[in-house]
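So the structure is just underneath, and the comments pick up after that.
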Amino acid sequence: MARDSRYDILFEPVKIGPVTAPNRFYQVPHCNVLGHGRPHAEAANRAVKAEGGWGVICTQEVEIHPSSELTPFIEGRLWDDRDIPQHRLMTDGVHEHGALAGIELCYNAFHAPNFYRRIPPMAPSAIPAHGINPIQARAMSKRDIADLRRWYVGAAKRARRAGYDIVYVYAGHDMTVLQHFLKPQYNQRSDEYGGSLENRVRLTKEILLDVKEAVGHECAVAFRFATDELMGADGLQAESEGRDIVAMLAELPDLWDVNISDWGNDSSTARFEPNEGYQEPYTAFVKTLTSKPVVGVGRFTSADAMVSQIRRGVLDLIGAARPSIADPMLPKKIKEGRPENIRECIGCNICVSSDVTAAV
């Protein structure tokens, strides 16, 4: 069957820094309980989505250093050159079908208990680690911050050698050190990395510039940012800070990947967020502040809803995690004029429960 011409806009290429996505379908970073422990399965999982027509395929979280080990097996790892071959499996599989490959580099700080490495976790300030275990994170020194910047640069260069087209700097889901530095309830520093919003943004800006300098001539640099969750020390939401951060960093990344925090809100079930595009009220402002392309999510399964997001100037690329799991062939079905055959994500979150079970 011929594709409905109303959906042609979904198949337009989008330039992202030095690379070009072949269409507007973008599988944002998401976990799949494969990662470091099952690299061949991980590569096959991502390659199937590229075969199904997703123009960009991203990894899950990929740890950049052993001092922030979230899990020993189910997340990605790019600690040193020995990890490059397993990533090549993924990038080769994705490129075989003409898609771009993206990698979500992350440093989880006090979100990572380091059970296996036994290295005390770090945070902007001394603070208990996330979770139920009695672990204390130590405050990062200036030397630790310099090390973090160096680890990001090293991981970004390894990502480029592994064949990735898009390299992420990640500040979202209340899980990563960069978001922790942004939030005053975690960042109680009195030096140039704490206090004012400009100071709290400083490390994120430095790492964005570091990564751009390291790989920006070959790879696009994406910034994944939760626009909504920046809480003041008094517990009240600082509604303007998300907008202010976007304005401060507007032209630095090649791509803005925007969502809401924490993970439970970003992956809300259909019971609480029944409508497609439910994140739009929190993220639509981003395109008004930057000339760079923007990708966002909202459990999109309807081609009409996707087209609406683009035509109204909300998003440039249609992001998906759960819909790409429910139907890896979703873009292909729209392209072939078979949108009625899409296996729609119903927001049941059985995929999320499986990920959490595997992590236990």
Side-chain angles (χ1 to χ4, degrees), residues 16-19 27-32 34-43 45-47 50 56-96 99-109 112 114 116-117 119 122 144-171 175-178 203-204 206-224 252-255 257:
I16 307 172
V19 301
Q27 183 245 280
V28 296
H30 74 77
C31 300
N32 59 8
L34 299 173
H36 176 72
R38 303 172 181 88
H40 289 275
E42 159 71 359
N45 175 278
R46 308 295 178 180
V56 180
I57 313 292
C58 298
T59 65
Q60 66 281 88
E61 290 183 320
V62 175
E63 301 164 357
I64 64 173
H65 192 265
S67 64
S68 183
E69 181 184 50
L70 188 60
T71 65
F73 302 115
I74 69 172
E75 303 293 349
R77 180 181 295 177
L78 196 52
W79 292 354
D80 55 42
D81 288 356
R82 291 172 294 181
D83 294 320
I84 291 176
Q86 69 176 35
H87 287 274
R88 265 289 177 191
L89 296 172
M90 186 275 207
T91 58
D92 287 348
V94 166
H95 290 156
E96 183 179 348
L100 301 181
I103 182 170
E104 185 180 55
L105 302 180
C106 76
Y107 191 86
N108 284 94
N114 287 342
Y116 295 88
R117 291 286 151 180
I119 302 172
M122 297 188 292
D144 294 326
I145 290 173
D147 284 342
L148 178 66
R149 293 177 62 182
R150 179 169 52 83
W151 297 336
Y152 257 101
V153 168
K157 290 179 177 179
R158 288 190 289 274
R160 181 190 62 201
R161 298 205 305 274
Y164 286 102
D165 308 287
I166 300 173
V167 176
Y168 267 78
V169 174
Y170 180 22
M175 294 194 298
T176 67
V177 70
L178 296 182
L203 180 58
T204 296
E206 288 175 344
I207 288 179
L208 277 168
L209 289 170
D210 290 342
V211 173
K212 285 276 285 186
E213 182 178 357
V215 301
H217 57 294
E218 293 182 39
C219 305
V221 175
F223 182 44
R224 197 177 201 194
L252 281 185
D254 297 309
L255 172 72
D257 180 338

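The first residue in the sequence is number 1, and the count goes up from there. Just so you know, these numbers come straight off a predicted model, no measurement behind them.
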Stepwise side chain to side chain contact (heavy atoms under 4.5 Å, CB included) check, F223 with T204
CA-CA 10 Å; F223 182 44; T204 296; 3.6 Å; yes
Specify whether H65 and Y107 have parallel, tilted or perpendicular ring planes, treating 30° as the upper limit for parallel and 60° as the lower limit for perpendicular.
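Taking Y107 first and then H65, their aromatic rings sit tilted (interplane angle of 30° to 60°).
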Audit row: E104, H30, side chain to side chain contact (heavy atoms under 4.5 Å, CB included) steps and yes/no:
CA-CA 9 Å; E104 185 180 55; H30 74 77; over 6 Å; no
Any donor-acceptor N/O pair, [X] side chain to [Y] backbone, under 3.5 Å:
{"X": "R224", "Y": "V28", "answer": "no"}
{"X": "H36", "Y": "V62", "answer": "no"}
{"X": "Q27", "Y": "C58", "answer": "yes"}
{"X": "R158", "Y": "I84", "answer": "no"}
{"X": "R117", "Y": "S68", "answer": "no"}
{"X": "N32", "Y": "E42", "answer": "no"}
{"X": "R160", "Y": "V167", "answer": "no"}
{"X": "D210", "Y": "V153", "answer": "no"}

Locate the shortest heavy-atom distance separating [X] from [Y]; write the atom from each residue and the value.
{"X": "T91", "Y": "A101", "answer": "CG2-CB, 3.9 Å"}
{"X": "A155", "Y": "L78", "answer": "O-CD2, 3.5 Å"}
{"X": "N108", "Y": "C106", "answer": "OD1-SG, 3.3 Å"}
{"X": "Y152", "Y": "I64", "answer": "CD1-CD1, 3.6 Å"}
{"X": "A222", "Y": "P253", "answer": "C-CB, 4.5 Å"}
{"X": "A50", "Y": "I57", "answer": "N-CD1, 3.7 Å"}

In this structure, which one of V19, D165, V94, L100 forms a side-chain contact (heavy atoms from CB on, under 4.5 Å) with V56?
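Checked V19, D165, V94, L100 against V56; only one passes side-chain contact (heavy atoms from CB on, under 4.5 Å): L100.
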Before you tell me yes or no, could you show the steps for I103 and M90 under side chain to side chain contact (heavy atoms under 4.5 Å, CB included), namely the whole-Å CA-CA distance, both residues' side-chain angles and the distance that decides it to 0.1 Å?
CA-CA 10 Å; I103 182 170; M90 186 275 207; over 6 Å; no
Is the number of heavy atoms from other residues, nucleotides or ligands under 6.0 Å of E213 CD greater than 12?
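No, because the 6.0 Å sphere around CD of E213 holds 12 heavy atoms or fewer from other groups.
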Apply side chain to side chain contact (heavy atoms under 4.5 Å, CB included) to Q60 and R46, showing your working.
CA-CA 10 Å; Q60 66 281 88; R46 308 295 178 180; 3.7 Å; yes
Salt bridge or not between K212 and D254? Use side-chain N to carboxylate O under 4.0 Å.
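Result for this pair is yes, salt bridge flagged.
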